[in-house]
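All heavy atoms count here, side chains included; hydrogens, waters and symmetry mates do not. Each chain gets a letter, A, B and so on, in the order its sequence line appears, and its residues count up from 1.
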Number of protein chains: 2
Amino acid sequence: MKEKVYITIHDLAKELDLAPSTISRALKDHPSIGAETRQTVKKLAKLRGYRPNIMAVNLRNQRSKTIGVLISWINRPFLSNLISGIEAEARARGYNVIISQTTDNLAIEQDNAKALYDMRICGLITSLSIETLEYQHFEQFYKSGTPVVFVDRVPVDFDGQKVLIDNFRAGYDATAHLIDQGCRRIAHIGGSLNQMLYKERLRGFLQALEDHGLSANPDLILSGKSLSREESLVMATELFKNGHSPDGVFGANDIAAVCAIQIAKKMGRKVPEDVAIIGFNDDPICEIVDPPLSSMYHPAFEMGKISVSRIIDSLNDTRQTEDFSILTTELIPRKSSLRKG
Amino acid sequence: MKEKVYITIHDLAKELDLAPSTISRALKDHPSIGAETRQTVKKLAKLRGYRPNIMAVNLRNQRSKTIGVLISWINRPFLSNLISGIEAEARARGYNVIISQTTDNLAIEQDNAKALYDMRICGLITSLSIETLEYQHFEQFYKSGTPVVFVDRVPVDFDGQKVLIDNFRAGYDATAHLIDQGCRRIAHIGGSLNQMLYKERLRGFLQALEDHGLSANPDLILSGKSLSREESLVMATELFKNGHSPDGVFGANDIAAVCAIQIAKKMGRKVPEDVAIIGFNDDPICEIVDPPLSSMYHPAFEMGKISVSRIIDSLNDTRQTEDFSILTTELIPRKSSLRKG
DNA sequence: CTGTTAGCGCGTTCAG
DNA sequence: CTGAACGCGCTAACAG
């Protein structure tokens, strides 16, 4: 089964009666190599189908031109879009992408971080697990000069490059939209307040209420953990069961908002007439649910590409002027929240 | 920025006054090492936080304990679940996963296959691009003894390990279910007939009709390409526009079926009373759409795990008795197709 | 401009 | 049971 399949610079060297190092240099356009030998070498290399042995290159260079990605679950719309963007940009720039998922478990996140570190990844892109409140497992990367980029679920009180959206602003805009549509008793279904991101969306929500002269009703402000469908159904039910009957709901993700729509309908409320609803992320389900769900577009693919650029720029010592990339979200109004002409 | 961070077997050797080779053997429980030196070595290794340099190991072994994954898009429900299963199983077994997406483009698939080959991946898992009708770019792996596992979108007329579902059977079951619910003029919205998978689903569809004494109406059998939402909306519209008015629709994926529901409703047909609809994959949208969509559960995560097992078994020369893993799909009936009690 | 040499860190002969 | 030596394929320092 094993043939002579891989050809090395030694093979080329022997064939051209040159030294291996000459081949190596010729192939990477080293200035001190004659134009004609360079041509000859390149020609033969192509002819023989030479391809550098990446494992040898890695060992030699002590790094692997591989970007590590550490996220909770690959199979979530936001994250799979993020990874898709990461992969697209990385491959276009000649980098590989290695992925590991933490299943939202801190211990696994720590283990996998170590494993990626051991592989000498040249950079790490991560969106924290929902449990993560300490960040020592990232320090090894800083110590060894490996750039780290935090995306979306970023740490608090821990320096580093961050790619994220303005969650306060987005929460504010979503809420203001509901108010603009005439809602006055607005509820919020949020995620874990350990997460900056959910805290900020809530803060934006509250600020919008205040700025428009509305008072926040604590009974209408719910906080879950991961905002899974199961959890969201429970919260949505609670919301419509107690006598408060909100006339607007801002869900901190689309799953929560969809559950709100479904429960509201089940309880006999009309959407958006009785209750206007808006979500967050602009997942595909927004166009599927009836009525279609308004949402805040969250540029996942784009965030992936930017994260990769940041890694590569850091490697090239192209100093970033800023540690943050704050992307803008966009309100995507659909029928679930439109009560005016 | 650079400290002495990585410690090698030489460091341990010096400290214990042993030879590096002894350390190497002790660490991997080579039989010819004394029980006590073995203990001593392991203890110190743990103490000093020794971790093998994977790049060196790879170079030495001429392979990289990395499984390559070549798929069209990471951000699609079926594929992101597949990858999630692959990653989970691979990491549990000590393998890494490197991903590359082809964007359903044959040329990119070929390039990326080459790139993965160059990395000396120890195995390849792939689901073909929609365009792929030739398979030479996989032959390099066979030649070098690298196992390849095709998943879901598998090649025709090309040998190799394959992990897939029985698409004929699944198509048959979905159709039989509609017939069982009283449908008589059943339509099919299918994907590219270049793909085995869609051809088989169609074949199952036709066979079910025949077995139940129904004749197929060519006007009710549509074939798209990728079955994207845009494409599906067009096909669904066509279906309900011409005078045929199907009383049942089998969509070859959930997107198509959801579009059928939405268009049917828009055209004033009641689902499932006027037209019963069933999809394929059991994507999350099935529970979101109104009415909830019946579907064929497609064990993506599981298929990922099995694919990894096949790769690892092949590497260990654990001969597979069969080249195929045929997983079973499961009918998940929901409101969109239930017309009986 | 090109060749020689010396590792990168590990595993694996072959000796003892 | 252990050590010495070599090489995986490539690159970079140092000669010429």
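Atoms CZ (B/Arg63) and C1' (D/dG9) sit 18 Å apart, rounded to a whole Å. Here the P atom of nucleotide C/dT2 and the CG atom of A/Asp29 are 14 Å apart, to the nearest Å. Taking atom CZ of B/Arg51 as the reference point, atom C1' of C/dG9 lies 16 Å away to the nearest angstrom. Rounded to an integer number of Å, the gap from CG of A/Asn61 to C1' of C/dG7 is 13 Å. In this structure, the CG atom of B/Asn58 is 11 Å from the P atom of C/dG11, given to the nearest Å. Atom P of nucleotide C/dG9 and atom CG of B/Leu27 are separated by 16 Å, given to the nearest angstrom. Across the protein-nucleic acid pair, B/Lys14 atom NZ and C/dC10 atom P stand 13 Å apart, rounded to whole Å. When rounded to the nearest whole Å, the span between CD1 of A/Ile54 and C1' of C/dC8 equals 17 Å.
Mapping B/His10 and A/Asp17 onto DNA chain C by nearest heavy atom places A/Asp17 closer to the 5' end of the strand. Mapping B/Tyr50 and B/His30 onto DNA chain C by nearest heavy atom places B/Tyr50 closer to the 5' end of the strand. When each of B/Ala56 and B/Ala19 is assigned the nucleotide of DNA chain D bearing its nearest heavy atom, the one mapping closer to the 5' terminus is B/Ala19.
For A/Arg60 and C/dG9, a side-chain-to-base donor-acceptor distance below 3.5 Å is absent, hydrogens and geometry of angles not being considered. A donor N or O paired with an acceptor N or O is not found under 3.5 Å between the base of C/dT2 and the side-chain atoms of A/Ser21.
The only member of A/Phe150, A/Tyr135, A/Tyr117 that meets ring-ring contact (aromatic ring centres under 6.0 Å, His included) when paired with A/Phe141 is A/Tyr117.
A cation-pi geometry, defined here as NZ or CZ lying under 6.0 Å from the six-membered ring centre and within 45° of its normal, does not hold between A/Arg153 and A/Phe78.
Side-chain N or O atoms of A/Ser127 include none that pairs as donor or acceptor with a backbone N or O of A/Asp152 at under 3.5 Å. No donor-acceptor distance shorter than 3.5 angstrom exists from the side chain of B/Arg120 to the backbone of B/Ser64, with no hydrogens or angles considered.
Minimum atom distance to the side chain of B/Ile33 is reached by D/dT2, of the listed D/dT11, D/dT2, C/dG11. The listed nucleotides are D/dG3, C/dT2, D/dT11; the one nearest the side chain of B/Arg25 is D/dG3. Each of D/dC10, C/dC10, C/dG9 was ranked by its minimum atom distance to the side chain of B/Val57; first place goes to C/dC10. Distance from the side chain of A/Thr37 is smallest to C/dT2 among C/dT2, D/dG3, D/dG9.
Salt bridge absent: B/Lys143 and B/Glu139 never bring a charged side-chain N and a carboxylate O closer than 4.0 Å. For A/Lys42 and A/Asp29, the salt-bridge test passes: some basic side-chain N is under 4.0 Å from an acidic carboxylate O. Comment: B/Asp11 does not engage B/Arg48 in a salt bridge, judged by the lack of any side-chain N to carboxylate O separation of less than 4.0 angstrom.
Looking only at side-chain heavy atoms (C-beta outward), A/Ile99 and A/Glu87 stay at 4.5 Å or farther from each other.
Distances shown here put every side-chain N or O of B/Gln62 at or beyond 4.0 Å from the OP1 or OP2 atom of C/dG11. Between C/dG11 and B/Ser24, a contact under 4.0 Å exists linking OP1 or OP2 to a side-chain N or O.
Two end axes, each from the C1' atoms of five base pairs, can be drawn for the helix from C/dC1-D/dG16 to C/dG16-D/dC1; they diverge by 50°, to 10 degrees.
Within the 4.0 angstrom heavy-atom criterion, no nucleotide atom of any strand lies near B/Pro20.
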